[in-house]
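Written out below as C-alpha cells is the structure these notes cover.
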Amino acid sequence: MRVDVVTIFPEYLDPLRQALLGRAIERGLLSLDVHDLRKWTHDVHKAVDDSPYGGGPGMVMKPQVWGEALDTLCASGSPRLVVPTPAGRPFTQALAREYAAEDWLMFACGRYEGIDQRVLDDASARMTVDEVSIGDYVLVGGEVAVMVMVEAVARLLPGVLGNPASHEQDSFSDGLLEGPSYTRPEVWRDLPVPEVLRSGNHGAIARWRRDQALDRTYHRRPDLLAALPDTAFDKHDRAR
Ligand SMILES: Nc1cc(-c2ccc3cc[nH]c3c2)n[nH]1
C-alpha cells in the first residue's frame, strides 16, 4: 500500500516511522511519503490560507495551493483521498478495513478552519474523496487524525502484525467490544485472575470471554449491540 500525506507540518507525522509501523515501512509492507503543502506556494510568504468569504473567525486554506499539490501528486493516477474533518463520516473499524484493501491512500491535512470546499469538489471529479471524522471533538488540524487512521489501517495489512489473530479478535471485529485481559501474576494486590481463565477448559473460556464482551458492550456501547442483526447472537447469548 502506498500512503501519501500532505500537510504544512510534515514533522508532525514522524511518529508513524517509529516502532511497528516503522518496521513495516522498512520491510516494504507499505510506503509513506509526507509532502509539505508549502512546496506548491509561489509567494515569498508561502501563504496557504486566506480570510473566509461570508466573514467569521479564522482562516481558510487556499484552493490554488491544494489544487496544484493534488494535481502534481495525483498526476500518475487516482488515490482514495481522505480528508479529516469534524464534519466527516465516522471513521470506524469497518472503514479501516475498507481502506486496508486500497492500493493507494492520500491524506489531506487541513489546518485553520479547514480547506476551501472547492478543492474536494474538484478532486471528486477524478478520485474518490472521503471527508472523515475520528470522533466528536475538535482538533487543531488533521495531522493527528491522519496518524490515527494510518495506524488503524496499517495494522490490518498482511505481515504488519506478528499474529494476524490479533486483529481478528479486535474490538468491533465481531461488532462487540473486547472483554478484559489478564497476565501473570495469578494474584496481584489481592486481585485474582478469573478462575475460568486458568481452568484450561477452552470451551468455558470462550464462553466467558463472549459473555464479558456482551456485558461490556451492553453497558458501554449499547448502540453497537442495537446495530447487530439477530443472527449475530447464538442460543447461549439469548439465554443470558
Ligand atoms: N474528528 C476530528 C477531525 C478534526 C479536524 C480535522 C481537520 C482540521 C483542520 C482544522 N481543524 C481540524 C480538525 N477534529 N476532530
Side-chain angles (χ1 to χ4, degrees), residues 3-17 21 32-41 43 45-74 79-100 102 104-124 127-156 170-172 177 220-221 223-224 227:
V3 176
D4 286 277
V5 184
V6 186
T7 169
I8 59 171
F9 295 118
E11 67 280 3
Y12 226 99
L13 283 297
D14 287 352
L16 290 177
R17 299 187 188 281
L21 258 58
L32 174 65
D33 291 288
V34 181
H35 311 275
D36 185 344
L37 178 69
R38 294 192 197 275
K39 176 179 170 185
W40 288 278
T41 60
D43 62 303
H45 300 296
K46 298 185 181 292
V48 294
D49 62 306
D50 201 343
S51 304
Y53 272 113
M59 302 291 272
V60 176
M61 299 191 95
K62 296 163 65 70
Q64 303 95 322
V65 185
W66 274 106
E68 281 196 37
L70 295 179
D71 287 352
T72 304
L73 294 172
C74 303
R80 185 149 184 187
L81 182 63
V82 182
V83 186
T85 168
R89 65 186 284 201
F91 181 67
T92 62
Q93 191 66 18
L95 189 52
R97 283 195 292 268
E98 195 177 314
Y99 285 168
E102 294 284 348
W104 184 12
L105 294 176
M106 184 169 294
F107 293 88
C109 299
R111 280 271 158 170
Y112 312 102
E113 297 306 310
I115 302 171
D116 186 302
Q117 189 62 40
R118 291 170 293 180
V119 174
L120 312 186
D121 297 345
D122 172 67
S124 297
M127 66 195 84
T128 301
V129 179
D130 296 336
E131 295 182 61
V132 179
S133 167
I134 62 163
D136 292 338
Y137 40 81
V138 183
L139 302 169
V140 178
E143 288 79 6
V144 167
V146 167
M147 285 201 280
V148 165
M149 290 191 274
V150 169
E151 178 165 315
V153 172
R155 68 184 288 276
L156 299 175
D170 273 344
S171 275
F172 311 104
L177 300 182
R220 296 181 184 178
R221 290 293 304 277
D223 59 301
L224 293 178

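When a ligand or atom number is given, it counts from 1 through the structure's own listing order.
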Using 4.0 Å as the upper bound for N to carboxylate O, is an ion pair formed by Lys62 and Asp116?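 Salt bridge: no.
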Polar contacts were defined as any N/O atom of the residue lying under 3.5 Å from an N/O atom of the ligand; does this apply to [X] and ligand 1?
X	value
Gly135	yes
Ile134	yes
Tyr137	yes

Closest to atom 7 (C) of ligand 1 among Pro90, Ala87, Gly58, Pro84 (heavy-atom distance):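 Ranked by closest heavy atom to atom 7 (C) of ligand 1, first place is Pro84.
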What protein heavy atom sits nearest atom 13 (C) of ligand 1, and how far away is it?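 Of every protein heavy atom, Leu139 O, 3.4 Å lies nearest to atom 13 (C) of ligand 1.
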Considering only the protein, which heavy-atom contact is closest to atom 5 (C) of ligand 1, and what is its distance?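 Protein heavy atom at minimum distance: Pro86 CD, 3.6 Å.
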Decide if atom CG of Asp136 counts as having more than 12 heavy atoms of other residues, nucleotides or ligands within a radius under 6.0 Å.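 Not more than 12 within 6.0 Å, no.
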Report, as yes or no, whether the 6.0 Å neighbourhood of atom OH on Tyr112 holds more than 12 heavy atoms from other residues, nucleotides or ligands.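 Atom OH in Tyr112 is packed in, count exceeds 12.
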For Leu156, is there any backbone N or O sitting under 3.5 Å from a side-chain donor or acceptor partner on Arg97?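 Not a single qualifying donor-acceptor pair exists.
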Counting heavy atoms only, which part of Glu113 comes closer than 4.0 Å to ligand 1: side chain, backbone, both or neither?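 The answer is neither.
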Work out whether the distance between some heavy atom of Tyr112 and some atom of ligand 1 is less than 4.0 Å.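 Yes, Tyr112 has a heavy atom closer than 4.0 Å to ligand 1.
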Is there a heavy atom in Ala145 that sits closer than 4.0 Å to ligand 1?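 Contact check Ala145 vs ligand 1: negative.
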Under a plain distance cut-off of 3.5 Å, with no hydrogens placed, do Trp104 and Asp4 share a side-chain donor-acceptor pair?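 Side-chain D/A pair, Asp4 to Trp104: present.
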Strictly by modelled atom types, are Gln117 and Glu131 linked by a side-chain donor-acceptor pair under 3.5 Å?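 The criterion, which ignores hydrogens and geometry beyond distance, is satisfied for Glu131 and Gln117.
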Between Tyr53 and Arg118, is there a cation-pi geometry (under 6.0 Å to ring centre, at most 45° from the normal)?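 Because its charged atom misses either the 6.0 Å distance or the 45° angle limit, Arg118 does not stack over Tyr53.
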Which atoms of ligand 1 are found less than 4.0 Å from any heavy atom of [X]?
X	answer
Ser133	1 (N)
Val138	14 (N), 15 (N)
Val140	10 (C), 11 (N)

Using a 4.5 Å cut-off on heavy atoms from C-beta on, say whether the side chain of Pro52 contacts that of Glu113.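 Answer no - side chains too far apart.
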